[in-house]
Number of protein chains: 2
Amino acid sequence: MSPTRDQILQTTASLLEKQGCHATGLNEIIRESSTPKGSLYYYFPEGKEQLVSEAVLQAGHTMADRIRAHLAGETPPAQAIYDFVLRIADNVEASSFAAGSPLTAVAMETATTSPRINAACRAAFDLLIAAFEDKLLASGLEAQRASNLAQFIIAAIEGGVILSRTMHSAEPLRVVARQLSAALAC
Amino acid sequence: MSPTRDQILQTTASLLEKQGCHATGLNEIIRESSTPKGSLYYYFPEGKEQLVSEAVLQAGHTMADRIRAHLAGETPPAQAIYDFVLRIADNVEASSFAAGSPLTAVAMETATTSPRINAACRAAFDLLIAAFEDKLLASGLEAQRASNLAQFIIAAIEGGVILSRTMHSAEPLRVVARQLSAALAC
DNA sequence: GTCTATATGCAGATAGAC
DNA sequence: GTCTATCTGCATATAGAC
């Protein structure tokens, strides 16, 4: 794997996170990543759609890995997820509300306007949901209930990120953390 | 109120809902709204930021009114909100996943890049949260708990819309409806 | 209030040298 | 693999007639 290619992907993901797909220009990506301008179309010959799709999918893998790492061990799901959401709240706050969920904006912008990017977003969300689902299954939940709860968890977290970034306050995500762990307990 | 001006605002909101802020061009708005091209800068002399901000805020008022209308009456919150989220699921499905939440994409795109539009998004979310909060207060909940639950409800619904639009399936929103009403019951 | 024409800039993308 | 130069098109915005 080329380090230049990887640098482009990571910078792209970070800009998508901050401002979405259409607001992110290729020139901006080159500039922010301190990457040779000639490299972009060398590594991504199919252009912006390819670049964004790969960045989204890679971000999905990274996030899923982080979720799994955080949920590993014997801590009960309600507690582990509570801690995890609080960590997201801290991270969103630490970024001055410029970061948090690299998928959301892109997913909404492209749900019905770019099949290729939509497919990448879908795959990425599936990775995240599966990460929570496996933890719930491991704790003994029945399959259907684990699947439903995993979707609900992702939805609540995504919504919490939207509110926190919009309000410029970590509070909505902290509320989500508490309510979500309460919901898991019942 | 001018009908032309109102037509521009409504078309803008609908395009923002489908594809976000930066993907929505002023020419596209004129075309889709069948509105005289010369009118745009006549009614919105401060340009796109003004237009988008007003469209977002108007959408917020419309949605808050709809929430209040749906929650009016003596139906307990858990049941009323369950029905309401199912209706959103139907609407998202009926739009072929092109619509659902006119705020989300714009809010994420502009949280740290346009103070003016961000302020409009914040005000719009506050209207939605207050609509749920008032229903919960009316049903006898304590103030702090009503506020927290209202935020959680909005977060879960927003997240459900994202998942449903991305997955091209109403199922995630239906899952959110069930889990949310279960969470409210406990 | 609405029109046409246009200014200006940046977007994504390509070509061909090195 | 990376460079520079450049093509084409559309973006927002403005000017001035009617």
Side-chain angles (χ1 to χ4, degrees), chain A residues 1-57 105-106 108-110 112-121, chain B residues 1-56 105-106 108-110 113-118 120:
Chain A
M1 258 267 181
S2 152
T4 299
R5 185 185 153 95
D6 211 65
Q7 183 58 36
I8 292 175
L9 280 175
Q10 250 179 279
T11 303
T12 302
S14 142
L15 289 170
L16 293 177
E17 190 165 5
K18 180 182 161 207
Q19 60 198 13
C21 187
H22 281 86
T24 299
L26 300 183
N27 293 327
E28 193 181 6
I29 293 170
I30 290 309
R31 198 184 336 115
E32 294 281 311
S33 62
S34 310
T35 274
K37 177 156 185 165
S39 303
L40 207 152
Y41 279 94
Y42 174 78
Y43 286 114
F44 304 94
E46 291 151 63
K48 193 179 186 181
E49 283 217 320
Q50 182 191 5
L51 170 56
V52 170
S53 300
E54 291 198 29
V56 160
L57 196 54
V106 179
M108 291 293 278
E109 285 178 284
T110 62
T112 57
T113 56
S114 163
R116 182 170 186 172
I117 300 177
N118 172 250
C121 290
Chain B
M1 255 265 185
S2 153
T4 298
R5 186 184 152 94
D6 209 64
Q7 183 58 36
I8 292 175
L9 281 174
Q10 249 180 280
T11 304
T12 301
S14 143
L15 289 170
L16 293 177
E17 189 166 5
K18 181 182 161 207
Q19 60 199 14
C21 187
H22 281 85
T24 299
L26 300 183
N27 294 327
E28 193 181 6
I29 292 170
I30 290 310
R31 199 185 336 118
E32 295 280 312
S33 62
S34 311
T35 275
K37 178 156 185 164
S39 304
L40 208 150
Y41 279 94
Y42 174 78
Y43 287 113
F44 304 94
E46 290 152 64
K48 193 178 185 179
E49 282 216 321
Q50 182 192 5
L51 171 55
V52 170
S53 300
E54 291 199 28
V56 160
V106 179
M108 290 294 277
E109 284 178 284
T110 61
T113 56
S114 163
R116 180 169 186 175
I117 301 177
N118 171 251

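Every chain is numbered from 1 and lettered A, B, ... according to where its sequence line falls, protein lines coming before strand lines.
In this structure, CG of A:Leu40 is placed 9 Å from P of C:dG12, rounded to the nearest angstrom. Rounded to a whole Å, the CD1 atom of A:Ile30 is 13 Å from the C1' atom of D:dG1. Residue B:Leu26 contributes atom CG, which lies 9 Å from atom C1' of D:dA13 at whole-angstrom precision. One can place CD of B:Gln50 at 15 Å from P of D:dT12, the figure rounded to the nearest angstrom. Atom CG of A:Asp6 is separated from atom P of D:dG1 by 14 Å (rounded to the nearest Å).
Counting only heavy atoms from C-beta on, A:Tyr41 has its side chain closest to C:dT14 among C:dT14, C:dT2, D:dT14. Nearest to the side-chain atoms of B:Lys48 among the listed nucleotides C:dG12, C:dT2, D:dA13 stands D:dA13. The nucleotide whose nearest atom lies closest to any side-chain atom of A:Tyr43 is, among C:dT2, D:dT2, C:dT4, D:dT2. Listed nucleotides: D:dA13, C:dT2, C:dG12. Nearest to the side chain of B:Thr4: C:dT2.
Remark: the backbone N or O of B:Gln7 is paired with a side-chain donor or acceptor of B:Thr11 at under 3.5 angstrom.
No option in A:Gln19, A:Glu32, A:Lys18 other than A:Gln19 meets the side chain to side chain donor-acceptor pair (under 3.5 Å) test with A:Thr24.
Across all strands, B:Asn27 comes closer than 4.0 Å to base atoms (heavy-atom distances).
Nearest-nucleotide assignment on DNA chain C puts the 5′-proximal partner with B:Tyr42, out of A:Thr24 and B:Tyr42.
Closest heavy-atom contact between A:Ala105 and A:Leu16: CB-O, 4.4 Å.
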| message | Would B:Tyr43 and B:Thr4 count as a side chain to side chain donor-acceptor pair (under 3.5 Å) here? Give the steps. | response | CA-CA 9 Å; B:Tyr43 287 113; B:Thr4 298; 4.7 Å; no
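Contact check, A:Ser39 against D:dG1: no side-chain N or O comes under 4.0 Å of OP1 or OP2.
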